[in-house]
Protein chains: 2
Amino acid sequence: MKKITIGEAARRSGVKVPTVRYYESIGLLPAPSRSEGNQRAFEPADISRLAFIRHARELGFEIEAIRTLLTLQDDPHQPCASADAIAKARLVEVEQRIRSLMALKAELETMVEGCGHGRVGQCRVIEVLADHGQCTHSHH
Amino acid sequence: MKKITIGEAARRSGVKVPTVRYYESIGLLPAPSRSEGNQRAFEPADISRLAFIRHARELGFEIEAIRTLLTLQDDPHQPCASADAIAKARLVEVEQRIRSLMALKAELETMVEGCGHGRVGQCRVIEVLADHGQCTHSHH
DNA sequence: TCTTGTACCTCGAGTCGCTAGAGGATGTAG
DNA sequence: CTACATCCTCTAGCGACTCGAGGTACAAGA
């Protein structure tokens, strides 16, 4: 029997130790068995699950979305429409976010280019922030 | 005397009512004078300040960065190097964020395209999430 | 004038997804 | 046998709000 400690599970999955415990506490990860001295003993399947969670978090999925994804994964006979819908929704969000970040980048570039390193009175950074105050911005 | 209520200040600046009170509580917005019945009475300058804050928040600046920016704005004789540095740092962050979102977008597209609307067992979405678990991802 | 209804007030707690610290027990290498 | 890293639980904190309870103020209509 290879017992995997929480530290090793963390190393192998790329999820930090306190975060592993946190995921267990919110029910994303099943509570593992314990050693004599009450220390968690994980199994390889738990590492995969953690890696799955980590990857999904890196992709920006919310915990509740991941919970759904994991439920689906646990029963491979279910139709994958839900998984597809979650991924599609996320894709739309990401595309929107990219668009607004591009606009933002342009705006920041204007600011930085315009700043002549003089006094704040003539500073583009401050000016741009203040002047666009009234502009109707699209909300995320 | 035109007295601006918190509701109107919120409408004009695009900041929500509880958020206006929150900004006051953390000292981003000076505490306005009060009416007979203890209601906040804002002035036009407060609306500009709120709009400034809102715009900066939309651009992703953190509250502490905005606090610095506002301090600079309050004294236009200071050199604008700090404002410039804040904007530049933010620009670098934004560029990084765009790059990682583009990678993410590509990955989500792979998932969604591969999904044949069958059973979860063959679902690309789940598969990509699980398979890339071991991949060495660049951290943001 | 009275009443209705909306907007306002304060205060405390909740949100998300962790992260940090205290204070102690366990496991391992030399 | 002694260090010392790693583990345990528990509570509290982070940023930036957001919500709800319980109560007060104000403008408009009957």
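In what follows, chains are A, B, ... by sequence order, proteins preceding strands, each numbered from 1.
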Report task. Show your reasoning for whether side-chain contact (heavy atoms from CB on, under 4.5 Å) applies to B:Ile53 and B:Leu70. Result -> CA-CA 8 Å; B:Ile53 297 169; B:Leu70 283 167; 4.0 Å; yes
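Considering only heavy atoms from C-beta on, A:Lys16 stays 4.5 Å or farther from A:Arg21 through its side chain. Taking the side chain as every heavy atom from C-beta outward, A:Pro30 and A:Glu24 never approach each other to under 4.5 Å.
Between B:Lys3 and D:dA27, a side-chain N or O to OP1/OP2 separation shorter than 4.0 Å is present. Side-chain N/O atoms of A:Thr5 include one lying less than 4.0 angstrom from OP1 or OP2 on D:dC7. For D:dT18, one of the phosphate oxygens OP1 or OP2 lies less than 4.0 angstrom from a side-chain nitrogen or oxygen of B:Lys16. When the side-chain nitrogen and oxygen atoms of B:Thr19 are compared with OP1 and OP2 of D:dA16, none of them lie within a distance under 4.0 Å. Remark: A:Arg40 is in phosphate contact with D:dT9, judged by side-chain N or O atoms under 4.0 Å from OP1 or OP2. Between C:dC18 and A:Arg57, a contact under 4.0 Å exists linking OP1 or OP2 to a side-chain N or O. Dashed line: the shortest gap from a side-chain N or O of A:Arg34 to OP1 or OP2 of D:dT9 is under 4.0 Å. OP1 or OP2 of C:dG27 sits under 4.0 Å from a side-chain N or O of A:Ser35.
Rounded to whole Å, the distance from CD on A:Glu62 to C1' on C:dG17 is 10 Å. Taking atom CD1 on A:Ile6 and atom C1' on C:dA25, their separation rounds to 15 Å, with Å as the unit. If you measure from atom CD of A:Glu24 to atom C1' of D:dC10, you get 14 Å, rounded to the nearest angstrom. Rounded to a whole Å, the CZ atom of B:Arg11 is 7 Å from the P atom of C:dC8. Distance B:Ile4 CD1 to C:dA7 P: 17 Å, rounded to the nearest Å. A straight line from CG of A:Asn38 to C1' of D:dC10 spans 14 Å, rounded to a whole angstrom. The separation between A:Arg21 atom CZ and C:dA20 atom P is 13 Å, rounded to whole Å. Put simply, CD on B:Glu64 is 11 Å from C1' on D:dA16, counting in whole angstrom units.
The two atoms that bring B:Ala10 and B:Val17 nearest to each other are CB-CG2, 3.6 Å, heavy atoms only.
When distances run from any side-chain atom of A:Ile63 to the nucleotides D:dC17, C:dG17, C:dC8, the shortest one goes to C:dG17. Closest to the side chain of B:Tyr22, out of D:dC7, D:dT18, C:dC8, is D:dT18. Proximity note for A:Tyr23 (side chain, C-beta onward) versus C:dC18, C:dC9, D:dC8: the nearest is C:dC18.
Using a cutoff of 4.0 Å between basic side-chain nitrogens and carboxylate oxygens, A:Arg12 and A:Glu8 are scored as salt-bridged. Classification of B:Arg57 and B:Glu62 as a salt-bridged pair fails, no side-chain N sitting under 4.0 Å from a carboxylate O.
Heavy atoms of other residues, nucleotides or ligands lying less than 6.0 angstrom from CD of A:Glu43 number 12 at most.
Between its opening and closing five pairs, the helix from C:dT1-D:dA30 to C:dG30-D:dC1 changes axis direction by 0°, a value rounded to 10 degrees.
With hydrogens and angles disregarded, a donor-acceptor distance shorter than 3.5 Å links the side chain of B:Arg49 to the backbone of B:Leu28.
Between B:Ile53 and B:Glu36, it is B:Ile53 whose nearest contact on DNA chain D lies nearer the 5' terminus. Mapping B:Ala41 and A:Pro18 onto DNA chain C via the closest heavy atom, the residue that lands nearer the 5' end is B:Ala41. Comparing B:Gly37 and A:Gly37, the nucleotide of DNA chain D nearest to each residue sits closer to the 5' end for A:Gly37.
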